[in-house]
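The structure appears below as structure tokens.
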Amino acid sequence: ITHLEERQRLSTLVSENVLDAFSSHKDLAQATQARKAHAVVLVSDIRDFTTLSGKYPPGEITALLNQHFSSMSQAIAKHGGRIDKFIGDAIHAVFEDLPGNPPQAAANSLQTAWEMLNRLTQITQDRQTRGLFPYRMGVGISCGEVVFAGLGDPKVFFDFTIIGKPLKEAEHLEALSKQILFCPIVVSAEVAQSAGAAGEGMIPLSDAEPKALVFPVES
């Protein structure tokens, strides 16, 4: 009971990765030990957030972020993803294949991206009904070997996060999604291939970015 109460208290302060790390190891050194793994990384970002923050009152921006993070977190969790962190208006999430099960992480990440866009449509409709300003977002997805590592000082500030090229690539792909107005989802070629049916029909974003694939959705 004490353990569950402590987990519930910490759940509002740290990420699920931190909770699981400390739940699996009684020893702090073991909990913070780095490990390598193949994972799919999803990065989403709100468009022109700096401009919005300067234009509207802090209370409106905070309410927007809370609603956005809550809804998008539900979509990520629904498809087996885990929040790595919130950075400003950005969301970093990670998907891993479960041992002994068919690979699903890439397909799950694409399903998550689609649901996030659908949820944004619902949020926008609700906001417009209430006379609030709309906003847009983009999603980038990549995969590869990452390092899960505990960073910081547990006595001051500590987080368990992901490090590696897939995170940087997902951030780059998310930035490229600004070019896609009606379906701002950009993924790496590896993700599209690994996703199977979920990634079928995707096409290169441009000749300059042949490994950045998008869904050919017309307006």
Under a 3.5 Å distance rule, please check whether [X] uses its side chain to pair with a backbone N or O of [Y] as donor and acceptor.
X: Ser71; Y: Gln67; answer: no
X: Asp45; Y: Gly138; answer: no
X: Asn108; Y: Gln104; answer: yes

In a check of side chain to side chain contact (heavy atoms under 4.5 Å, CB included) between Leu120 and each of Glu115, Gln125, Met72, which one passes?
-> Met72

Is Arg47 paired with Glu174 through a side-chain N to carboxylate O contact shorter than 4.0 Å?
->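 A salt bridge is present here (some side-chain N lies under 4.0 Å from a carboxylate O).
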
Does Glu96 come within less than 4.0 Å of Arg35, counting only side-chain N to carboxylate O?
-> yes

Measure the shortest side-chain to side-chain distance between Ser188 and Glu169 over non-hydrogen atoms and say whether it is less than 4.5 angstrom.
-> yes

Write down the atom of [X], the atom of [Y], and the distance for their closest heavy-atom approach.
X: Ser109; Y: Val40; answer: OG-CG1, 3.5 Å
X: Trp114; Y: Ile185; answer: N-CD1, 4.0 Å
X: Ala170; Y: Val43; answer: CB-CG2, 3.7 Å
X: Val41; Y: Val146; answer: CG2-CG1, 4.2 Å
X: Asp97; Y: Pro102; answer: OD1-O, 4.5 Å

Centres of the Tyr135 and His68 rings: under 6.0 Å?
-> yes

Start with the C-alpha distance between Phe69 and Ile83, add both sets of side-chain angles, then the distance that settles side-chain contact (heavy atoms from CB on, under 4.5 Å), and finish with yes or no.
-> CA-CA 10 Å; Phe69 286 156; Ile83 300 295; over 6 Å; no

With a cut-off of 6.0 Å (strictly less than), are more than 12 heavy atoms of other residues, nucleotides or ligands near CZ of Arg127?
->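 It does: Arg127 CZ has more than 12 such atoms within range.
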
